[in-house]
2 protein chains.
Amino acid sequence: MPTEICVDCPVREHALCSSLNDEGVIAFTGLCQRRCVTAGETVMWAGDESRICANLVSGVLKMVAATADGREQIVGLFYPADFVGEPYAEEHAFTVTALTNAELCTVQRRPFEHFLEEHARMENLLLQRTLRALKEARGRMLSLARLSAGEKVAGLLIDMAARAERCVRRPGSDHPVTFDLPMTRGHMADVLGMTIETVSRQLTKLKGAGVLALSGNRTVTIKDAHALRAWAAAR
Amino acid sequence: MPTEICVDCPVREHALCSSLNDEGVIAFTGLCQRRCVTAGETVMWAGDESRICANLVSGVLKMVAATADGREQIVGLFYPADFVGEPYAEEHAFTVTALTNAELCTVQRRPFEHFLEEHARMENLLLQRTLRALKEARGRMLSLARLSAGEKVAGLLIDMAARAERCVRRPGSDHPVTFDLPMTRGHMADVLGMTIETVSRQLTKLKGAGVLALSGNRTVTIKDAHALRAWAAAR
DNA sequence: CCGGGTCCTTGTTTCAGATCAAGGCAACAG
DNA sequence: CTGTTGCCTTGATCTGAAACAAGGACCCGG
């Protein structure tokens with residue numbers, strides 16, 4: 001049965017598909033294909049023809065821009081329920097790679113564009129999400145250009161914490177939170193436009209100030225969320 | 001007659017409105033209002049309720065993001081025919097200010113959103129433009145984070161030249177081009193995430209290398225487009 | 001012609017973060 | 001158990017751009 005892949009979809013309510021009624025879902029399912037990728041695997045290559053789009057079902061992806069001589073910058077992170085891909089573009093401008101093992105629900109680009117024409121609510125939702133992504137990208141431009149290393153790292157930690165455990169705690173409360181970073185120091189550096197060493201030093205500083213606890217390379221405990229927020233806005 | 005404002009509109013063919021048929025234009029005209037602003041005037045304030053959107057008819061606008069302590073970054077420039085504003089957002093995230101005298105065709109946000117629902121082609125065009133803006137913003141993230149001062153300035157000059165005299169010359173040809181910068185050194189610095197002094201020094205360097213000629217503060221002649229492109233990609 | 005803007009250039013100093021270099025630690029294969 | 005590999009930390013040094021400072025060019029109003 002073709003709807004199977006949607007019925008038990010963990011992001012059914014949060015992805016673009018949430019805009020579809022039952023018939024719409026059935027039609028959409030016909031276009032979709034599940035795909036699993038392992039950490040490090042690249043899903044779309046900059047310069048390649050833009051043939052597919054996707055909804056991310058699980059895992060985390062990065063979108064990387066690069067200069068001709070190899071300098072890299074992560075220009076977007078994708079979490080479950082996010083839409084990935086470049087509709088209406090002939091070729092991919094950026095490379096998209098899995099940071100963790102991940103599961104995608106892929107659609108051919110052309111049929112997807114055609115589907116949007118006939119499902120105004122999905123098109124509208126995509127528009128709203130794209131506008132939000134644009135706003136975020138602009139905020140990140142401010143961060144890349146004008147924030148200090150300390151502010152950047154603190155800000156990223158806040159973002160990742162919010163993404164990692166949305167349901168675990170109510171926003172605003174200040175109890176310690178523990179979560180796993182979905183990426184290495186190197187990836188953090190690529191997101192923030194810095195080097196690995198500087199990221200590491202900032203984390204050490206935050207630890208020294210009693211704001212964080214680090215255990216292993218990936219596990220972070222925010223001991224003082226208030227201080228972390230202050231750090232993000234001032235250091 | 002209500003259609004008057006569109007009939008003689010210089011950007012009629014290039015703005016969002018190009019997606020409308022005659023009836024659509026008439027309906028849209030009913031929602032629009034022309035507004036002139038002088039250089040330096042602010043059109044939308046970050047934090048204010050998002051009440052209007054606009055098509056830019058003439059002039060150049062900047063969109064500025066700022067930190068709490070006053071550091072600023074220009075996160076977008078708007079040229080004639082560009083769409084400005086944040087539909088579906090309750091409040092403006094960024095401040096939009098005129099760099100030159102400018103003319104806007106404004107629409108109330110809510111009625112505009114409603115209008116989009118009923119004019120799928122316009123909604124689709126807005127989606128495509130938003131996707132392109134997002135791609136540009138991501139490219140700029142790479143530039144802000146990873147390029148050197150020289151690369152940034154050369155790149156911006158190339159962009160502005162392309163915007164300034166689109167019809168004057170065919171792309172790729174290498175004859176000298178003269179055009180006026182639509183902004184001060186200070187604005188260039190705000191776009192590129194640098195300081196006025198560094199922008200000035202880079203321009204002086206470019207002049208010294210025989211790549212550019214500068215006359216007055218605003219007029220630039222690209223004497224060697226090839227060299228300028230090389231500078232943008234390597235210096 | 002003068003005074004006061006605004007904007008730009010140029011010189012000097014300072015500093016945050018990059019770069020270079022050396023280990024540490026955990027996971028894993030043999 | 002041992003060598004390898006990947007990732008992280010820490011230290012020392014270097015450097016590009018910021019910050020600070022001073023002065024020049026141009027414009028405008030009186």
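Order of the sequence lines fixes the chain letters, A, B, ..., with proteins taken first and strands second; residue numbering starts at 1 for each chain.
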For nucleotides 18-27 of chain D, give me one character per nucleotide, 5' to 3': B if any protein heavy atom sits under 4.0 Å from the base, S if the only such contacts are to the sugar-phosphate, - if neither.
SBB-------

With axes from five pairs an end, tell me the bend angle of the helix from C/dC1-D/dG30 to C/dG30-D/dC1, nearest 10°.
30°

Residues in side chain to side chain donor-acceptor pair (under 3.5 Å) with B/Arg35, at least two apart?
none

Verify the neighbour count for atom CZ of B/Arg51: are there more than 12 heavy atoms of other residues, nucleotides or ligands below 6.0 Å?
no

Would you say A/Arg185 reaches D/dC7's phosphate, i.e. side-chain N/O to OP1/OP2 under 4.0 Å?
no

Distance check needed: D/dA17 P versus B/Leu203 CG, whole Å only.
14 Å

Atom pair distance, as rounded to whole Å: CG in A/Leu206 and P in D/dC8
16 Å

Taking the minimum atom-to-atom distance to the side chain of B/Ala149, which one of C/dC8, D/dA17, D/dT10 wins?
D/dA17

Nearest whole Å is fine: how far is D/dG16 P from B/Leu144 CG?
20 Å

Sequence neighbours excluded, every pair satisfying salt bridge (charged side-chain N to carboxylate O under 4.0 Å, His left out) that has a member inside residues 176-192 of chain B
A/Arg146-B/Asp190

Please classify the nucleic acid contact of A/Thr204 as base, sugar-phosphate, or nothing, using heavy-atom distances under 4.0 Å.
sugar-phosphate

For B/Thr95, all residues meeting side chain to side chain donor-acceptor pair (under 3.5 Å), sequence neighbours excluded:
none

Does the salt bridge (Lys or Arg N to Asp or Glu O under 4.0 Å) test come out yes or no for A/Arg229 and A/Asp224, once each step is laid out?
CA-CA 9 Å; A/Arg229 259 175 268 127; A/Asp224 185 345; over 6 Å; no

Stepwise, does the side-chain contact (heavy atoms from CB on, under 4.5 Å) test hold for A/Met188 with A/Leu156?
CA-CA 8 Å; A/Met188 291 176 66; A/Leu156 181 61; 3.9 Å; yes

Salt bridge (charged side-chain N to carboxylate O under 4.0 Å, His left out) pairs touching residues 53-66 of chain B, sequence neighbours excluded, are none

A/Gln33 CD: over 12 foreign heavy atoms closer than 6.0 Å:
no

